[in-house]
Every structure is written in structure tokens, then in C-alpha cells.
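In what follows, a structure is listed as C-alpha cells, so that the remarks can point back to it.
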Amino acid sequence: MKYNFGLIGYPIKHSLSPWIHKQFLERTSLQGSYSIIEINPDRSFEEAMNNLRKKQIDGFNVTVPYKEKIMHYLDDMDEQAKKIGAVNTVLCKDNKWIGYNTDGIGYVRSLLHKFPSIETGKDNKILLLGAGGAAKGIFHALVFNEFKNITIANRSLDKAENLIGTNEQAKVITLQEAEQLVDQFDIIIQTTSVGMKPRPEETIISLDRLKENSIVSDIVYQPLLTTFLRQAKSLHSFVHFGHTMLLYQAQYAFEIWTNKQPNMENLDQELQNILEG
Ligand code: ATR
């Protein structure tokens, strides 16, 4: 069997997904291809989906701006995708399209892979910075993985309140409070685009009060070593880089499509080399 995978979104010409899935196909000794299917927002999305249905495609990833729009074209969705209200992976099987969201689960996998000791400390105090789409995926995946002590800090408090919904174990604080209370957290996860090129000097909060040996994670991967992570490093914390989320959300998508889990050895270093040119 030869698998046929793809990615829909716009603009996606520079996506790293084809490279990642090529590595997975090689590492699992499966035959297949992964193509870029760029859909200009000026075109009819419905027509593009009708064309895609006619193709022999086994699965595809979905990225901006179609993660919500795709939901109207699915036959079913998994629990995470329903909770998050966005889909980044579609399995095409038996003439049905099933939607998944692998971003948050992928993120948590990447974190546990780098820091296996976290597994036993699900009462670790976690600070999530941001309440956008990325934060939503990560929050629900943390809850799914039974992390119990999650605080969200966001510029707009109502967005953070909406995100936690009826979850009574989660709390919301302001970014100013987060800065003051930063020493109380074991794991700090930066989920916004603050610090991304072209403004790499920005940080969402100062980490001045950070306690030693905490874990600080930033989902931004351009640059890999953000100002936020650089500050964390200088204060003797462990840092977790954003590009690993990319790898593990792809790994989970690949598993959904093929039922095979690719070996991830050295892949983060290889991707790091690509990103650093
Ligand atoms: P994504 O889907 O990539 O997560 P998003 O849904 O637009 O993007 O969410 C962006 C997040 O970054 C939000 O939490 C946003 O804060 P608000 O909810 O208050 O808008 C946060 N964000 C973006 N720019 C920011 C800035 N300069 N300072 C603080 N927070 C910022």
C-alpha cells in the first residue's frame, strides 16, 4: 500500500510538515507521499473540499485559516477536537472524514518525552501564558493527561475564563499577577506569538522571580531560543523548545493515519538544524 497524505492551509509553501512526514515514512518503512495543497482564501473552500474528496487521500493536516472551517465537512470528530473546536488532522477512511486535533496532545507528549519525571507529578503547578487557539489545545490536553493544577494568565481575562469553562480546578490570573507569582510554578508554558520574529526581543512577562529548576517552555520556534527561554536559562531553569511540539503533533497524526508510531530519535536535533539554517 502507498499512502497519500497532504496539508491544506494558506500560506503553506514553507511548511515543515512534508519534511517531518517524509522522515516518519522512512522510519516506519512505509511507502507514501505528503503533498502541499495550498487553498487560496479567494477560492471556494467548498469546491476545494469536493475536489479533495475525489482524490485517493488517506489523511491530511489542516492549518490556518481552515482549522474551524473544515469542521463542516467532517463525518465525525474526536473528543479533543470537539472540546477545542478546531481540527488539525483528518483521517479519510471508508469514505468518511474523521477530524482530530493533535496539537495539544502532541505538545504534552513532547514535554513528557523531554522531562519524563513530570509524569509522576501531575500535581505540578502549571502556569499557561495566553488563551488563544494554541493555549486551548494545550489546556485540554493537560486536563486529558490528568494534570490538576493549572493557572492561566492572559491579557484579556474573559478569554481565559471562557477557556477554562466549568473546570473547577483551573484558575485565571492577570499577566501582572503571573509576573509576581512566577516563583510558585513548576512548569511555565508560553503559548502566544509574543517573542516571534520579527520582534524576537519581546517577552510576555518577566521571569525575574523564577525559581531554580523549574521548567520553562515556549511554543515559539522562530527563533528557537526566544528571549523568554534565554532569560529562563540564565536563571537556571530547564527549557523546552517550541519546534518539538511540531514534531509530536505530527507523530500523533501519523499514528492516526497508519497505526504506526515513528521513532523520534535525533529528529528534534535534525529539525533544529533546518530551522537554524
Ligand atoms: P493562536 O491561535 O496562535 O494561539 P490567537 O488565538 O490569536 O493565536 O491568540 C493569541 C494569544 O496571544 C492570546 O492569548 C492573546 O492575548 P489576548 O487574548 O488578550 O488577545 C495573546 N497575545 C498576542 N499578542 C500579545 C501581546 N502583545 N501581549 C500579550 N498577549 C498577547
Side-chain angles (χ1 to χ4, degrees), residues 7-12 14-17 41 61-71 80-89 99-108 110-111 126-143 150-165 167 170-182 185 188-208 216-224 226-229 231-232 240-246 248-250 253:
L7 169 68
I8 66 166
Y10 188 89
I12 50 173
H14 300 292
S15 166
L16 293 160
S17 294
N61 287 126
V62 185
T63 189
V64 279
Y66 302 125
K67 286 185 176 189
E68 289 162 17
K69 216 169 187 177
I70 188 67
M71 294 196 294
Q80 286 288 309
K82 280 184 196 161
K83 282 212 169 88
I84 297 164
V87 162
N88 80 328
T89 299
Y100 297 82
N101 195 311
T102 70
D103 286 333
I105 299 282
Y107 173 81
V108 174
S110 76
L111 190 69
I126 301 181
L127 173 64
L128 207 60
L129 296 165
K136 206 170 180 184
I138 293 172
F139 175 75
H140 288 295
L142 288 168
V143 171
I150 309 170
T151 300
I152 302 190
N154 194 46
R155 187 174 54 182
S156 330
L157 289 184
D158 55 337
K159 219 160 148 188
E161 295 282 2
N162 275 341
L163 203 171
I164 65 168
N167 187 316
K171 282 193 291 279
V172 170
I173 60 174
T174 64
L175 290 175
Q176 292 71 22
E177 284 167 330
E179 210 165 72
Q180 294 301 313
L181 299 173
V182 92
F185 295 96
I188 296 160
I189 307 170
Q190 198 302 104
T191 73
T192 76
S193 55
V194 177
M196 193 190 283
K197 282 180 189 168
R199 285 196 286 282
E201 68 290 348
E202 291 183 355
T203 57
I204 187 154
I205 60 167
S206 160
L207 292 173
D208 281 346
V216 178
S217 173
D218 195 335
I219 69 161
V220 168
Y221 58 87
Q222 278 174 326
L224 268 182
T226 56
T227 304
F228 192 69
L229 290 186
Q231 191 186 8
H240 180 56
F241 292 106
H243 70 300
T244 57
M245 175 180 182
L246 208 62
Y248 283 84
Q249 62 77 24

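Keep in mind that the numbers below use all heavy atoms, side chains included, and drop hydrogens, waters and symmetry copies. First listed ligand is number 1; within each ligand, the first listed atom is number 1.
- Looking only at protein heavy atoms, the nearest one to atom 5 (P) of ligand 1 is Gly132 CA, 4.0 Å.
- Between atom 24 (N) of ligand 1 and the options Val194, Thr203, Val220, the minimum heavy-atom separation is to Val194.
- For ligand 1, the polar-atom distance check finds no N/O of Thr192 at less than 3.5 Å from any of the ligand's N/O atoms.
- For the residue pair Tyr107 / Ser217, a side-chain donor-acceptor distance below 3.5 Å is found, with atom types taken as modelled.
- No side-chain heavy atom of Val108 sits under 4.5 Å from any side-chain heavy atom of Ile105.
- Checking atom 3 (O) of ligand 1 against the protein gives no heavy-atom contact under 4.0 Å.
- Qualifying side-chain contact (heavy atoms from CB on, under 4.5 Å) partners for Lys69, counting only residues two or more places apart in sequence or in other chains: Phe45, Tyr66.
- Side-chain atoms of Gln231 and Asp208 form a donor-acceptor pair, as typed in the model, at a separation below 3.5 Å.
- When only interatomic distances are considered, the shortest N/O to N/O separation between Asn154 and ligand 1 falls below 3.5 Å.
- Val194 meets the side-chain contact (heavy atoms from CB on, under 4.5 Å) test with Thr192, Glu202, Ile204; sequence neighbours excluded.
- Considering backbone and side-chain N/O of Ser193, none are found under 3.5 Å from N/O of ligand 1.
- For atom 17 (P) of ligand 1, the nearest protein heavy atom is under 4.0 Å away.
- Nearest-heavy-atom check against atom 6 (O) of ligand 1 across Ala131, Gly133, Ala86 picks out Gly133.
- For ligand 1, the polar-atom distance check finds an N/O of Ala134 within less than 3.5 Å of one of the ligand's N/O atoms.
- In this structure, a donor-acceptor pair under 3.5 Å is absent between the side chains of Asn61 and Ser17.
- Taking only non-hydrogen atoms, the option from Arg155, Lys67, Met196 nearest to atom 22 (N) of ligand 1 is Arg155.
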